[in-house]
Enquirer: 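Can you read through this structure? Questions will come right after.
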Amino acid sequence: MAILVTGGTGYIGSHTVVELIEKGKDVVIVDNLVNSSIDVIDYIKQITGKTVKFYNLDIRNEEALDKVFKENKITEVIHFAGLKAVPESVKKPLEYYDNNLTGTLVLLKVMRENDCKKIVFSSSATVYGNNGEIKYVETMERGKTTNPYGTTKSMIENILEDLYKSDNTWGIVILRYFNPIGAHSSGLIGDNPNGIPNNLMPYIQRVASGKLAELSVYGNDYETKDGTGVRDYIHVVDLAKGHLKAIEKLEKEENGLNIYNLGSGKGCSVLEIINTFESVNAIKVPYKIVERRAGDLPEYFADAQKAKKELNWETEKTLEDMCRDAWNFAKNH
Ligand code: NAD
Ligand code: UFG
């Protein structure tokens, strides 16, 4: 009896694997290492004392994936594997649609053939699109997405809904993440993107370590508390624990399709992040204000009530924890 984690050597996947192992769960990882390193398997061992079973494969390889199910008794799947860089998805739409959609379709088919019908899917707040509301609640319609990456998330949610309509013996949990940042307190695993980062926290980490000269703050003339963009940042370890709650729900219940926001419910500005990072780590993050970034929304955050009520999950870590742990990881890498 094991939980299959696709994309389990990635940023959120690795933290989730640690939480699962620490709760005594058996885990099998599949990952093609397109955006992660095999070293993560060793880091997971250093943190948990367990060597996790790992398959280096692309989830679009149906035969190889089927073999994983034949060799292990997989009871649930947590599906992280996918490409996630928004600007890259605009440049390479076919690659993104192929990887994210084909990967998911092959996975679902192999699951059905092996009579494993419980899945947790990594979705994103991006599926709410630009509909004018600031506090996103699960009862809102999915909005219009603005890039191929976001569209793959919206389409996969649709696919899962159609699958459930066709066969209500599936148990499906869709988790819509807000902005995951931070790292494991060991400093061994964290977010370390290749090349120049697009996202705020990895960029701050590179500036703090002197690898990049200064941060560009994309606009200070939004109608927000201090003019800079506001998001709902969530510590990756809190996020990982949300997956454990989703798995516990699937273990208890026979079937159903449920969608949950995983966020703190609070909005935080770019300047608040910079100030907190500087003060908890006693390090300067030089920055300049530049033009708004195309496609950015001024402000949004989660309504986090549903996950609290139904999964008994809420965020525990503070912005200080996120900034301290992110820097602790970055210093070591
Ligand atoms: P990540 O890139 O660190 O992890 C994804 C992992 O999937 C990587 O290890 C990569 O090698 C693997 N992978 C990709 N395509 C694969 C394939 N075809 N076969 C096998 N493995 C494959 O990303 P992450 O930040 O850990 O995100 C995990 C999931 O959460 C993704 O689906 C992402 O879209 C989603 N998500 C992330 C964020 C975020 O801000 N990090 C926000 C919302 C949703
Ligand atoms: N920002 C800067 N400078 C930077 C990077 C970001 O000022 O160098 C600002 C942005 O303008 C925004 C905030 O910091 O106000 C957060 O930006 P991120 O790029 O870190 O995150 P986004 O909210 O833009 O994007 C995230 C995920 C996407 C997902 C999207 C919507 O990275 O995968 O949320 O949910 F699609």
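Counting convention: from 1, in listed order, for ligands and their atoms alike.
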Enquirer: Any ring-ring contact (aromatic ring centres under 6.0 Å, His included) pairs touching residues 157-178, not counting sequence neighbours?
Expert: Tyr177-His243

Enquirer: Which residue and atom name correspond to the protein heavy atom nearest atom 29 (C) of ligand 1, and how close is it?
Expert: Phe80 O, 3.3 Å

Enquirer: Heavy-atom distances under 4.0 Å are what count here, so tell me which part of Asn179 touches ligand 1: side chain, backbone, both or neither.
Expert: neither

Enquirer: What's the shortest distance from atom 40 (O) of ligand 1 to any protein heavy atom, and which residue and atom give it?
Expert: Pro180 CD, 3.3 Å

Enquirer: In this structure, does ligand 1 have an atom that sits under 4.0 Å from one of the heavy atoms of Val30?
Expert: no

Enquirer: Output the list of atoms in ligand 1 that are nearer than 4.0 Å to some heavy atom of Ser36, sorted by atom number.
Expert: 8 (C), 9 (O), 11 (O)

Enquirer: For atom 22 (C) of ligand 1, find the nearest protein heavy atom and state the residue, atom name and distance (0.1 Å precision).
Expert: Asn32 OD1, 3.1 Å

Enquirer: Using a 4.0 Å heavy-atom cut-off, say whether Phe178 meets ligand 2 through its side chain, its backbone, both or neither.
Expert: neither

Enquirer: Under 4.0 Å from a heavy atom of Ser122: give me the atoms of ligand 1 that qualify, with their elements.
Expert: 29 (C), 30 (O), 32 (O), 35 (C)

Enquirer: Which is it for Thr228 and ligand 2 at heavy atoms under 4.0 Å: side chain, backbone, both or neither?
Expert: neither

Enquirer: Any non-hydrogen atom of Lys153 lying under 4.0 Å from ligand 1?
Expert: yes

Enquirer: Side chain, backbone, both or neither: which part of Thr126 has a heavy atom under 4.0 Å from ligand 2?
Expert: both

Enquirer: Can you tell me if NZ on Lys225 sees more than 12 non-hydrogen neighbours from other groups inside 6.0 Å?
Expert: yes

Enquirer: Checking the side chain of Tyr149 only, and the main-chain atoms of Glu88 only, is there a donor and an acceptor separated by less than 3.5 Å?
Expert: no

Enquirer: Please work out, at 4.0 Å between heavy atoms, whether the side chain, the backbone, both, or neither of Val230 comes within that distance of ligand 2.
Expert: neither

Enquirer: In terms of atom number and element, which parts of ligand 2 are under 4.0 angstrom from non-hydrogen atoms of Asp296?
Expert: 10 (C), 11 (O), 24 (O)

Enquirer: Take atom NZ of Lys23 as the centre, draw a 6.0 Å sphere, and report whether it contains more than 12 heavy atoms from other residues, nucleotides or ligands.
Expert: no

Enquirer: Tell me: protein heavy atom nearest atom 19 (N) of ligand 1, and distance?
Expert: Ile59 N, 3.0 Å

Enquirer: Please check whether Tyr203 reaches ligand 2 - meaning an N/O of the residue sits under 3.5 Å from an N/O of the ligand, judged on distance alone.
Expert: no

Enquirer: Is the ring pair Phe121/His79 parallel, tilted or perpendicular, if the boundaries are 30 and 60 degrees?
Expert: tilted

Enquirer: Using a plain distance cutoff, I'd like to know if His79 has any nitrogen or oxygen under 3.5 Å from a nitrogen or oxygen of ligand 1.
Expert: no

Enquirer: Checking the N or O distance criterion of under 3.5 Å, is ligand 2 in contact with Val270?
Expert: no

Enquirer: Could you find the nearest protein heavy atom to atom 5 (C) of ligand 1 and give me its residue, atom name and distance?
Expert: Gly82 O, 3.8 Å

Enquirer: So which protein heavy atom does atom 26 (O) of ligand 1 come closest to, and at what separation?
Expert: Ile12 N, 2.8 Å

Enquirer: How far is atom 3 (N) of ligand 2 from its nearest protein heavy atom, and which residue and atom name does that atom have?
Expert: Ser216 O, 2.7 Å

Enquirer: Counting heavy atoms only, which of Tyr300, Tyr233, Tyr218 comes nearest to atom 2 (C) of ligand 2?
Expert: Tyr218

Enquirer: By number and element, which atoms of ligand 1 are closer than 4.0 Å to a non-hydrogen atom of Tyr149?
Expert: 33 (C), 34 (O), 35 (C), 36 (N), 43 (C), 44 (C)

Enquirer: Strictly under 4.0 Å, does any heavy atom of Gly103 approach an atom of ligand 1?
Expert: no

Enquirer: Indicate, as side chain, backbone, both or neither, the part of Val34 found under 4.0 angstrom from ligand 1 when only non-hydrogen atoms are considered.
Expert: both

Enquirer: For ligand 2, which atoms, with element, lie under 4.0 Å from some heavy atom of Asn198?
Expert: 5 (C), 19 (O)

Enquirer: Kindly check if the number of other-residue, nucleotide or ligand heavy atoms within 6.0 Å of NZ (Lys45) is above 12?
Expert: no

Enquirer: Hey, is Tyr149 one of the residues with a heavy atom under 4.0 angstrom from ligand 2?
Expert: yes

Enquirer: Among all protein heavy atoms in this structure, tell me which lies nearest to atom 18 (N) of ligand 1, with the distance rounded to 0.1 Å.
Expert: Asn99 OD1, 2.9 Å

Enquirer: Determine yes or no for a side-chain-to-main-chain donor-acceptor pair under 3.5 angstrom, with Asn328 supplying the side chain and Arg324 the backbone.
Expert: no

Enquirer: With respect to atom 24 (O) of ligand 2, which of Arg293, Arg231, Glu299 exhibits the smallest heavy-atom separation?
Expert: Arg293

Enquirer: Counting heavy atoms only, which of Asp31, Val236, Ile156 is nearest atom 6 (C) of ligand 1?
Expert: Asp31

Enquirer: Report yes or no: does a heavy atom of Ser123 sit under 4.0 Å from some atom of ligand 1?
Expert: yes

Enquirer: Does Leu57 reach ligand 1, in the sense of a heavy atom lying below 4.0 Å from it?
Expert: yes

Enquirer: So, the side chain of Asn130 versus the backbone of Leu297: is there a donor-acceptor pair under 3.5 Å, distance only?
Expert: no

Enquirer: Could you check atom 25 (O) of ligand 1 against the protein and tell me its nearest heavy-atom contact, residue, atom and distance included?
Expert: Lys84 NZ, 2.8 Å

Enquirer: Go through ligand 1 atom by atom and flag the ones less than 4.0 Å from a non-hydrogen atom of Leu33.
Expert: 11 (O)

Enquirer: Is the NZ or CZ atom of Arg176 positioned over Tyr136's six-membered ring, under 6.0 angstrom from the centre and within 45° of the axis?
Expert: no

Enquirer: Just heavy atoms, cut-off under 4.0 Å: does Ser124 contact ligand 2 by side chain, backbone, both, or neither?
Expert: side chain

